[in-house]
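Owing to the predicted nature of the structure, the values given are computational and were not obtained by experimental measurement. Proteins come first, then strands; the chains are lettered A, B, ... in the order of their sequence lines, and each starts at number 1.
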Protein chains: 2
Amino acid sequence: METTWEHRLRSAGLRVTRPRLSVLGVLAEHSHVDADTIATAARVVHPSISPQAVYGVLKALVGGGLARRIEPAGAPALYELRVGDNHHHLVCRECGDVADVDCAVGAAPCLTPSDAAGFVVDEAEVVFWGLCAGCQVARRQHGYGAGIAIRGGATA
Amino acid sequence: METTWEHRLRSAGLRVTRPRLSVLGVLAEHSHVDADTIATAARVVHPSISPQAVYGVLKALVGGGLARRIEPAGAPALYELRVGDNHHHLVCRECGDVADVDCAVGAAPCLTPSDAAGFVVDEAEVVFWGLCAGCQVARRQHGYGAGIAIRGGATA
DNA sequence: CCCTTCTCTTGACTCAGTCAAGACAACCGG
DNA sequence: CCGGTTGTCTTGACTGAGTCAAGAGAAGGG
Ligand SMILES: [Mn+2]
Ligand SMILES: [Mn+2]
Ligand SMILES: [Zn+2]
Ligand SMILES: [Zn+2]
């Protein structure tokens, strides 16, 4: 059972191209990256790649199930290769850093709404908002310690 | 204990203005509306209101805790008055319709991530993706029945 | 009623992403 | 190995949602 990028592209019905391989290469090293960062990194190995090619490649990869797209509120979309495992995300309100959270329940959707209002639900997307370790330290050092009012109102 | 909009604005440290009252009026009748819809509706009662005023008012209301902003992936931000009850949302992949969900049932791994990776979490945001009742019917009638590949990877 | 300060209007501008036309290159068949 | 057929990439224009800034206007404390 082949698992090279070439094979995975082909079995998704996609042609194997240099732009696609370089974007996949970037995604393999960085998780939760935006299109612009991907373009910059991909240009190291394939200098002529255009921003629009990156958008196109990413759309193809997501459509083919090779990549996943997440859109944290107030930030450009992020892409990752971890796909099909229904995992969730921690997002830092301060620096935007994103960390993976394995879903304790496993299968999607991992939660069931109390009243689905007639909806057929196929996915439960969970985003945990907070402060990453680094930003907690930075706050304390700059005198923002103790109880700060954090944007967003409702506290878990 | 006063609960008029005027009072609530003032106790949030905000002045009472016509644009703010008309936006609040719109929010009181429609839930989960975008800025543009709000502007159009507010213009009925206050014709001279500018789009930027609506953005400004909404930012003030959210900042003052009178309104909540949600940003479903791939759609403009939506606003509502239900605030401080940490409720969640069902979003239709087809028509974008949004419904409120009081709380999730079942295991609650999603209020406390198994491994918070050093983050201090203050909010768990949950979005249930699926098809609303109306769009389920529409699909069946147009021959899209049975198992369709739905965007987003993991299928329930 | 006046003055200060906050808020609104107007208009330019940003950012992330899309759309479309044509050049180009991957892959299939011969 | 070569040529033709598509699918993909490049280039460049464009959109939509939202921000920023300057000045006019109005809210509300004194
Ligand atoms: Mn992830
Ligand atoms: Mn709601
Ligand atoms: Zn951080
Ligand atoms: Zn629908």
Peer 1: Would you indicate, yes or no, if dC27(C) has its OP1 or OP2 atom less than 4.0 angstrom from a side-chain nitrogen or oxygen of R10(A)?
Peer 2: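 Answer is yes, contact under 4.0 Å.
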
Peer 1: Using a cut-off of strictly less than 4.0 Å, decide whether T17(A) has a side-chain nitrogen or oxygen near OP1 or OP2 of dC9(D).
Peer 2: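 T17(A) to dC9(D) OP1/OP2: side-chain N or O found under 4.0 Å.
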
Peer 1: Looking only at side-chain atoms of P76(B), point me to the closest of dA17(D), dA16(C), dT8(D).
Peer 2: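 Of the candidates, dA17(D) comes closest.
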
Peer 1: What about R15(A): does its side chain form a donor-acceptor pair under 3.5 Å with the base of dC27(C)?
Peer 2: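 Under the 3.5 Å cut-off, the side chain and the base do not form any donor-acceptor pair.
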
Peer 1: By nearest heavy atom, map V16(B) and E71(B) onto DNA chain D; which one lands nearer the 5' end?
Peer 2: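 Of the two residues, E71(B) wins.
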
Peer 1: Rounding to a whole Å, what distance do you find between L78(A):CG and dC15(C):P?
Peer 2: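 About 17 Å, once rounded to whole Å.
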
Peer 1: Starting at CG of L14(B) and ending at P of dC8(C), how long is that distance when rounded to a whole Å?
Peer 2: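 To the nearest whole Å, that distance equals 9 Å.
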
Peer 1: Under a 3.5 Å distance rule, please check whether S31(A) uses its side chain to pair with a backbone N or O of L27(A) as donor and acceptor.
Peer 2: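 Pair absent, no side-chain N/O of S31(A) close to backbone of L27(A).
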
Peer 1: Between the side chains of R69(A) and E71(A), is the shortest nitrogen-to-carboxylate-oxygen separation below 4.0 Å, so that they form an ion pair?
Peer 2: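 Looking at R69(A) together with E71(A), the answer is yes, because their closest N to O distance falls below 4.0 Å.
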
Peer 1: Does dC9(D) have OP1 or OP2 under 4.0 Å away from a side-chain N or O of S48(A)?
Peer 2: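 No, outside the criterion.
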
Peer 1: With a cut-off of less than 4.0 Å, is there a side-chain N or O of K59(A) near OP1 or OP2 of dT18(C)?
Peer 2: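 Checking K59(A) against dT18(C): at least one side-chain N or O falls below 4.0 Å of OP1 or OP2.
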
Peer 1: I need the CZ-P distance between R43(A) and dT10(D), as an integer number of Å.
Peer 2: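 Distance, rounded to whole Å: 10 Å.
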
Peer 1: Could you say whether A75(B) or V57(A) is positioned toward the 5' end of DNA chain D, judged by the nucleotide with the nearest heavy atom to each?
Peer 2: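 It is V57(A) whose nearest nucleotide is closer to the 5' end.
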
Peer 1: Heavy atoms from C-beta onward define the side chain here; which of dT7(C), dA16(C), dG18(D) lies closest to that of Y55(B)?
Peer 2: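 In terms of side-chain proximity for Y55(B), the closest of dT7(C), dA16(C), dG18(D) is dG18(D).
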
Peer 1: Roughly how many Å is it from CG in D34(A) to C1' in dA16(C), rounded to a whole number?
Peer 2: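 Rounded to whole Å, this separation is 10 Å.
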
Peer 1: Any side-chain N or O of R18(A) below 4.0 angstrom from OP1/OP2 of dC9(D)?
Peer 2: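 Checking dC9(D) against R18(A), no side-chain N or O comes under 4.0 Å of OP1 or OP2.
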
Peer 1: Send over the distance from R20(A) CZ to dC24(C) C1', rounded to a whole Å.
Peer 2: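 The answer, rounded to whole Å, is 14 Å.
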
Peer 1: Measure the distance from CG on L24(B) to P on dT7(C) and round it to the nearest whole Å.
Peer 2: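 So the CG-P distance, L24(B) to dT7(C), works out to 13 Å.
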
Peer 1: Examine distances only and state if a side-chain atom of E125(B) and a backbone atom of H88(B) form a donor-acceptor pair shorter than 3.5 Å.
Peer 2: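 No, the answer is negative, given that no donor and acceptor are paired below the 3.5 Å cut-off.
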
Peer 1: Check the distance between dG7(D)'s C1' and L9(A)'s CG and give it to me in whole angstrom.
Peer 2: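 Going from CG in L9(A) over to C1' in dG7(D) covers 13 Å.
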
Peer 1: Is the ring pair H89(A)/H32(A) parallel, tilted or perpendicular, if the boundaries are 30 and 60 degrees?
Peer 2: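 H89(A) and H32(A): perpendicular rings.
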
Peer 1: Under 4.0 angstrom, heavy atoms only, what part of the nucleic acid is A77(A) near: base, sugar-phosphate, or nothing?
Peer 2: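 Sugar-phosphate contact only - A77(A) comes under 4.0 Å of backbone atoms but never of a base.
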
Peer 1: State plainly whether the residues E6(B) and R20(B) are in salt-bridge range, i.e. N to O under 4.0 Å.
Peer 2: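 The answer is no: the pair does not qualify as a salt bridge.
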
Peer 1: Could you tell me how far apart I49(A) (CD1) and dC24(C) (C1') are, to the nearest whole angstrom?
Peer 2: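 Atom CD1 in I49(A) sits about 15 Å away from atom C1' in dC24(C).
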
